[in-house]
Amino acid sequence: GVGGIIDFLTIFEMMGPWLGFSGVCFLALLLSEGWPPRTLGFSVVGPPPVAPTKREKSPVRQLIDKIKRCKRSAQVEGLLAENAGLVDAFVVSAAMSKLRRMRRPKEALQVFEESRTKGVAPDLVTFHGAIAASEDDWQLAGRLFGELKDAFEPDVASYSTFIAACKRGGQYEKILDAANEMRGRNLHVDGIATYNTILEAFVKSRQPEKALRLFEQERPIQVSPDVFTYSLAISAAVKSRRYRRALTLFDELKQEAHLEPNIVTYTTAMSACEKAGNWQQALDLFDEAVVERGLRPNIITFNTLIAACQKGGQWQKALDLLEDARKRGLEPDIISYSAAISACERGREWRKALELFREVKDNPNLEPNVITYSATISACRLAGQWERALELFDELQQRGLEPTIITYSALIS
């Protein structure tokens, strides 16, 4: 074995000059056969190695281990109080992490603040924990992030933590500001969650072209897109009125072996068909999602399809979809009804439009809006029902709704 080779080399180095290679080989053979006896007190190899002793953990490390094993927040707080002399930034970070996993973000922030009043200077990781514990209080997260930048050089994890806090608070402009700062510091996003959040911020901030550029040209090589990434990119293409590109991206997603499009992705692709005026393709995608893949549609899916049929003049299909939604246990909302009424208006089915309008008014959970009134007024006007159209216009104003240019056009054109 390896040990035998090392012993032979040792013997050769010691005895070679006197015994020669053959003599050393003979001596090694004798030794391998158990000579000389141990009773003579002679050993070439030396005593057996002593097993190393296990290194004892420091008191701070032991305290951190105890914190990790806590089952209740009171236990964490008790350990910190009992071991006040051992509490440093590492212990504070461990305690905050444990409390956040226990869904106790306020207690985590309290530990952070109390440690500072007791002279424990936070490090970068401690600041990250405090920002994460701020939950949806983006103003607190912003203040803490500012303090972090005053004391340290922020890294990718710093920005990722702050961006996640801004997302919880719906502060998409703050997210984009942070992303610009990262570029200025030559920091690159290394996680899909942060990348998706920035992508979503561009979409929500009505900058879909920038979202598409981020997806197509500026995606870091270490970030692999997931289904949500594709959904955002498809949505950005739709909002940019690049409907073919949206459907191409959807096809690319379906070709990814490790990804499966969900109902949100399908609905976004259906929206591209609706905007492009291709109602039949939208229905085909619905069948593919629901019948072939077994996905469960939501009311947004049905609203998208009804709108597609409305634009395509398919009023009967729009009504069938409205009924299908009910059969699936979904509650049509005011968007569903407004789109269905508009479909009837295009099909000059004013009686059907009025019937749907009455359903809206009879439903205590629904409130007709300007779009609903405008579509119904237009349906009546196209059918020559001028008196009914004027009655609806007066009713709209009595409800305190403000007529739009579409309402006036429906009434007088």
Side-chain angles (χ1 to χ4, degrees), residues 163-164 166-168 170 172 175 191-212 214-216 219 223-276 278-311 318 321-322 324-336 338-339:
I163 285 172
C166 290
K167 180 182 179 180
R168 290 192 294 270
Y172 295 106
I175 291 170
I192 189 61
T194 304
Y195 176 79
N196 283 349
T197 300
I198 296 172
L199 196 63
E200 183 181 11
F202 277 122
V203 175
K204 297 280 188 181
S205 300
R206 299 181 181 180
Q207 301 181 60
E209 290 290 350
K210 290 184 178 180
L212 272 180
L214 179 64
F215 178 80
E216 295 176 341
R219 185 171 72 247
V223 174
S224 297
D226 58 15
V227 174
F228 186 46
T229 316
Y230 273 101
S231 295
L232 290 169
I234 295 167
S235 178
V238 172
K239 291 179 183 295
S240 301
R241 299 183 180 182
R242 296 172 62 182
Y243 308 128
R244 287 187 180 179
R245 180 57 183 149
L247 294 174
T248 300
L249 287 170
F250 183 66
D251 288 337
E252 289 177 11
L253 166 61
K254 290 194 290 184
Q255 291 170 10
E256 293 281 354
H258 63 291
L259 297 179
E260 284 288 334
N262 55 30
I263 195 61
V264 175
T265 323
Y266 266 100
T267 301
T268 310
M270 292 175 206
S271 178
C273 299
E274 178 253 318
K275 301 293 185 187
N278 195 337
W279 62 271
Q280 186 60 62
Q281 188 175 6
L283 290 177
D284 291 342
L285 286 176
F286 178 81
D287 289 339
E288 181 182 309
V290 177
V291 179
E292 295 179 22
R293 292 183 180 266
L295 298 177
R296 185 175 180 180
N298 54 40
I299 197 60
I300 300 175
T301 310
F302 277 101
N303 289 350
T304 303
L305 289 172
I306 293 170
C309 291
Q310 175 258 320
K311 288 185 177 179
L321 287 164
L322 195 66
D324 190 8
R326 292 195 190 97
K327 289 179 179 178
R328 294 176 185 270
L330 299 173
E331 187 69 29
D333 57 18
I334 195 62
I335 298 174
S336 316
S338 296

Subject >> Approximate separation, where rounding is to 0.5 Å, of Tyr172 OH and Thr197 OG1 >> reply: 8.5 Å
Original post:
Excluding sequence neighbours, so at least two apart, what forms side chain to side chain donor-acceptor pair (under 3.5 Å) with Arg326?
Top reply: Glu323, Tyr337, Glu359
Subject >> Over all atoms of both residues, closest heavy-atom pair of Cys309 and Leu321 >> reply: SG-CD1, 3.8 Å
Original post:
Can you name the side chain to side chain donor-acceptor pair (under 3.5 Å) partners of Thr229, sequence neighbours left out?
Top reply: Asn196, Asp226
Subject >> Any side-chain heavy-atom pair of Ser224 and Ile192 under 4.5 Å >> reply: no
Original post:
What is the minimum heavy-atom distance between Val227 and Pro261, and which atoms define it?
Top reply: CG1-CA, 4.3 Å
**OP:** Count the heavy atoms belonging to other residues, nucleotides or ligands that lie under 6.0 Å from NZ of Lys311, then report whether that count exceeds 12.
**Re:** yes
Original post:
Who passes ring-ring contact (aromatic ring centres under 6.0 Å, His included) against Tyr195, sequence neighbours left out?
Top reply: none
Original post:
Can you name the residues that form a side-chain contact (heavy atoms from CB on, under 4.5 Å) with Thr304, not counting sequence neighbours?
Top reply: Thr267, Met270, Ser271, Glu274, Ile300
**OP:** Check salt bridge (Lys or Arg N to Asp or Glu O under 4.0 Å) between Glu209 and all other residues, then give those that pass, not counting sequence neighbours.
**Re:** Arg242
Original post:
Which heavy atom of Leu199 sits nearest a heavy atom of Ala233, and at what distance?
Top reply: CD2-N, 4.4 Å
Subject >> ring-ring contact (aromatic ring centres under 6.0 Å, His included) partners of Phe250, counting only residues at least two apart >> reply: Tyr266
Original post:
From Ser240 OG over to Arg206 CZ, what is the distance, rounded to the nearest 0.5 angstrom?
Top reply: 13.5 Å
Subject >> Pairs satisfying salt bridge (charged side-chain N to carboxylate O under 4.0 Å, His left out), at least one member in residues 285-300, at least two apart >> reply: Lys254-Glu288, Glu260-Arg293
Subject >> Heavy-atom check, side chain of Gln280 versus side chain of Asp284, under 4.5 Å >> reply: yes
Original post:
Nearest heavy-atom pair of Asn262 and Leu295: which atoms, and what distance?
Top reply: C-CD1, 3.8 Å
**OP:** Go through the structure and list residues passing side chain to side chain donor-acceptor pair (under 3.5 Å) with Ser231, not counting sequence neighbours.
**Re:** Thr265
Original post:
Roughly how far apart are Asp324 CG and Thr301 OG1, rounded to 0.5 Å?
Top reply: 11.0 Å
Original post:
For Phe215, what residues pass the ring-ring contact (aromatic ring centres under 6.0 Å, His included) criterion, not counting sequence neighbours?
Top reply: Tyr230
Original post:
Do Val264 and Ile234 touch side chain to side chain, with heavy atoms closer than 4.5 Å?
Top reply: no
Original post:
Does Ile299 reach the side chain of Ile335, with side-chain heavy atoms less than 4.5 Å apart?
Top reply: no
Subject >> Partners passing side-chain contact (heavy atoms from CB on, under 4.5 Å) against Thr248 (at least two apart in sequence or in another chain) >> reply: Arg245, Glu252
**OP:** Name all residues meeting the side-chain contact (heavy atoms from CB on, under 4.5 Å) criterion together with Val290; count only those two or more places apart in sequence or in a different chain, and write none if there are none.
**Re:** Phe286, Pro297, Arg328
Original post:
Is the closest side-chain heavy-atom distance between Ser235 and Leu232 below 4.5 Å?
Top reply: no
Original post:
Do you know the tightest heavy-atom contact between Ser336 and Leu322?
Top reply: CB-CD1, 3.8 Å
Subject >> Within-4.5 Å side-chain heavy-atom neighbours: Lys204 and Ile175 >> reply: no
Original post:
Say you draw a straight line from CG of Asn278 to CG of Leu247; how long is it, rounded to the nearest 0.5 Å?
Top reply: 8.5 Å
Subject >> For Ile306 against Ala339, the heavy-atom pair lying closest together >> reply: CG2-CB, 3.5 Å
Subject >> Residues in salt bridge (Lys or Arg N to Asp or Glu O under 4.0 Å) contact with Lys210, at least two apart in sequence or another chain >> reply: none
